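Just so we're clear, the structure is a prediction, and the values are computed from it rather than from any experiment. Side chains included, hydrogens not; waters and symmetry mates left out as well; all remaining heavy atoms used. Throughout, a chain's letter reflects where its sequence line sits, starting with A, and its residues are numbered from 1.
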Amino acid sequence: MKRIGSLLQDRLALLSLFIITSTLLAGIFAPWIAPNDPEEVHMELRFASASWEYLLGNDHLGRCVLSRLIYGIRPSVLGVLAVLAISVGIGTAIGFIAGYFKGKLDALLMRICDIMLSFPGYVMTLGIIGILGVGLQHILLAFVLMKWSWFARIIRTSVMQYADAEYVKFSKTLGIGSLRIIWKHIVPVTVPVIAVTSSSAFSSMVLQLSGYSFLGLGVQAPHAEWGMMLNEAREVMFSRPELLLAPGITTILFVSAVHFFTDALQVALDPKLGSSGRKKQRKGRFQTANLQGSEVA
Amino acid sequence: MSLLQVSDLRIWDGITGNVFVPNSSFELKPGSCLAIVGESGSGKSLTCRAIMKLNKRTIRQSGDILLKGIRLDQLSEKEIGRRRGKQLYLILQNGMRAFDPTSAIGIHLRETLVHHYGWSRSEIVDKMKQAMLMVRLKDPVEIMNKYPHQLSGGMLQRIMIALAIVLEPDIIIADEPTSALDTVSKYEVMEQFVRLRENMGCSMIFVSHDLGIVRKLADEVLVMRNGSIVERGDASVLFSEAEHEYTRFLVSSHTALNEHFKRVTGGPVYVNR
Amino acid sequence: MSGYIFRRSLLAIPLLLVISFLTFVLNALSPMDPAELVLHAQGVPRITDELITATRTALGMDQPFLIRYLDWLFSCLQLDFGNSYVTGKPVWSMLGPAFLNTLELTILSVVAVIAASIGLGIVCALTEGRWLDKSIRGAAFVLTSMPSYLLAALLVWYFSVKLDWLPTTGKETVQSYILPVSVITISYAGHYFRIVRSAMLMNLNEDYVLFGRACGLPESRITIRLLRNSLQVAVSVFCMAIPIILGSTVVIENLFAWPGLGMLSVKSILSRDFPIIQAYVLVLAAAFVVVNTFSDIINALINPKLRENDL
């Protein structure tokens, strides 16, 4: 609780948290918040600039840019969040089983992870979309398939660290059940790692998803999505470059907020991180792992 | 005339303004050994590093540091760099981390000696070989070709001592050189320090929280607590007639522990030899 | 050392086999019947059941699964990935040149990324906490929060449209390399320089730096040691960056109409040209494994500690 308290004292973190939560809420309550129907075409309003009715103006089909942005949160952010939750869930379960029980099961699970990780994420996602066809749900499916092994690896490493701790050995000798030990002693200390890892994966997944939509492989017209809005804007980039601004700034703002929040979370949850030599190796590994996940869109 | 004189040394954090060492003054006589004892965080290491101006950039210091009549604190970084190693030599606590992990031990030794004395390769190998044999390191040449992670902490500690023997500095500052070692290695390393004192007549500042070692090695003792020197005096006197409560506490807890240890093991222990 | 290289290389073989198998399975999972697709793609006006059966036999689809896999694997080893459903040309004749183009872009970008990351990382570490460090990190923060295609679009808009200095698309002149390589460099160096920076800072607090200084070694020698140790961390990260960049040139290629794998793959996905997609996944995954193997070996060469650990 104290850690959360220190997080709340960091103004930048607080601002990031505010941006993230308000984006999520806006996405959930999009039908009530959005001023207009995001898919309603008004050819007479093509490229209209901002007005009281259409606060951010209209796009090449005269649709309300603001409403499209708000509806776009659903696939761009909420979809990614759901997928993140699923893959972190799978990764955590496997990471805990492998890290706590070790032995042959661990070896087997980690070999599977190694194989999954030896596929470059981008390529596999393209492969899966290629086979199953374009569409948001296939990209999200590909995300789950590609990401769980990465989470499993990181979580296993951190579980292993604590599973060897003296107090855990002590509890084992006392004959306390495995589930109880995991719940009481290991879950609390691995939560920071899980939180920081998922948070940093979140931003890169949002960027990736928008990248695929930008290529026309994700959300299909006429539905709104940030990457697709950018793609539509790009087509008229030479005549109307200002259309890039709204979805571009929104994406940057949201992703920066997640970045800042991740950093703050990392500092708040593990103040020792990087300050002492003993932690050095762990941090190194952590970063390396982070990078593997952070394929830039 | 003292070899090293430190007066009004003050060490503080340049960013937060926290004062680590408010005001310390002490001196080291030629050929003697000054021990600095105290618990962890009492400012012993900071004091040692301040003498060589080796603290991190964010840590500031003031006060006069006089080595053979030269004001070290007024020297430029380049000038003091020339004196480090050659006149003032620092032995660190953890030998495992004191050497560059990416290169063989010999490379560090050679770079240092070439820099200070400009000796040829064979001269260096010769001198290091002798020094390493003196500190009971077998196969010196082989050791010089090894990487730090291939050697034990005790061996690395003795390599640092061997380098000191070759460099012949005016003062050796040993910052808890045995704290990270197991008992056997500790004994082997201590033995070398005693010999260094006996054979070379080396002046030394020896930082430790192990009173048994201090008693064996030191002529004079400084007791530090929370950055201040709370007691100073002759080693032999201090152990029997400590004035400050804290020193008495240190000594008594040490003696009590030893008595207990003797009773349990039924024999004398190394720390009291 | 040679023993390590041998063992490490040997380890790549089963991995490659598993990858090829998974790629094959992936293709078999497709909800579409390849025979139908081929006929569609060839523009056959009326598709009859006989025609489908004939095509299936021609494609060897009546064979058992494992036999088909082995057949496919052996032809893949001879770079025979079948024919494109759409153009009917051999896959390799399309994939090969595209692969080289992508490789070219990747290598140039990787060199630029490494140079920029090391340079910026060192500058930031040496000026830690001062305005230069802060402004570089601030700029990197914004740039890495930006989707790379947006960055690309902005650069194109400014340099190609407003200033008319550089071509917007294609791969004809030397100038056409500048924008794609810069976009990739900015996106990735923004991540990687931080690793170099923090590795440098972490090493700065190490005892070997202190001891080196205590021995009176000149600052230049100490900086060399610092670099050697910091770059050790960075090398493994950079090695990992190569396959990542290789895989993620997709967006950039499509944006700049770079005739590489990324463009080919997206085109094939949209036209459901399975043999190309399959070959694309296989070739890139294999490249990924090979690069990873090399990077492990390079790491072991630099870091003597790794050599002794048994893989």
Please classify the contact between C:Val18 and chain A as side chain, backbone, both or neither, with a heavy-atom cut-off of under 4.5 Å.
side chain

Side chains of C:Val251 and A:Phe214 in contact at under 4.5 Å (non-hydrogen atoms)
yes

Please state whether the side chain, the backbone, both or neither of A:Phe260 comes within less than 4.5 Å of a heavy atom of chain C.
both

Considering all heavy atoms, the nearest C:Ser145-A:Leu207 contact
O-CD2, 4.0 Å

side-chain contact (heavy atoms from CB on, under 4.5 Å), paired with A:Met124, selected from C:Leu284, C:Thr23, C:Leu22, C:Val281
C:Val281

If I compare all heavy atoms of A:Ser210 with all of C:Tyr149, which pair ends up nearest, and what's the gap?
OG-OH, 2.6 Å

List the steps, then state whether side chain to side chain contact (heavy atoms under 4.5 Å, CB included) holds for A:Leu126 with C:Ile277.
CA-CA 8 Å; A:Leu126 280 182; C:Ile277 300 169; over 6 Å; no

Check each atom of A:Leu230 against the heavy atoms of chain C and say whether the ones under 4.5 Å are side chain, backbone, both or neither.
side chain

In terms of ring plane angle, is the pair A:His259 and C:His191 parallel, tilted or perpendicular, where the classes change at 30° and 60°?
perpendicular

Given that the side chain runs from C-beta out, which part of C:Ile276 has a heavy atom under 4.5 Å from chain A: side chain, backbone, both or neither?
neither

Do you know which two heavy atoms are closest between A:Leu215 and C:Val250, and how far apart they sit?
CD1-CG1, 3.5 Å

Counting only heavy atoms closer than 4.5 Å, note whether C:Leu15 contacts chain A via side chain, backbone, both or neither.
side chain

For the residue pair C:Phe141 and A:Ser256, what are the closest heavy atoms and their distance?
CE2-O, 3.8 Å

Which atom pair, heavy atoms only, marks the closest approach of C:Arg272 to A:Ile129?
NH2-O, 4.5 Å

When heavy-atom pairs shorter than 4.5 Å are enumerated against chain A, which of C:Leu201, C:Ile184, C:Val142, C:Leu255 gives the highest number?
C:Leu255

If I measure from the heavy atoms of chain A, does C:Leu150 come under 4.5 Å with its side chain, its backbone, both, or neither?
side chain

What part of A:Leu217 lies closer than 4.5 angstrom to a heavy atom of chain C: side chain, backbone, both or neither?
side chain

Among A:Val255, A:Leu209, A:Thr251, find the one that has a side-chain contact (heavy atoms from CB on, under 4.5 Å) with C:Pro147.
A:Thr251

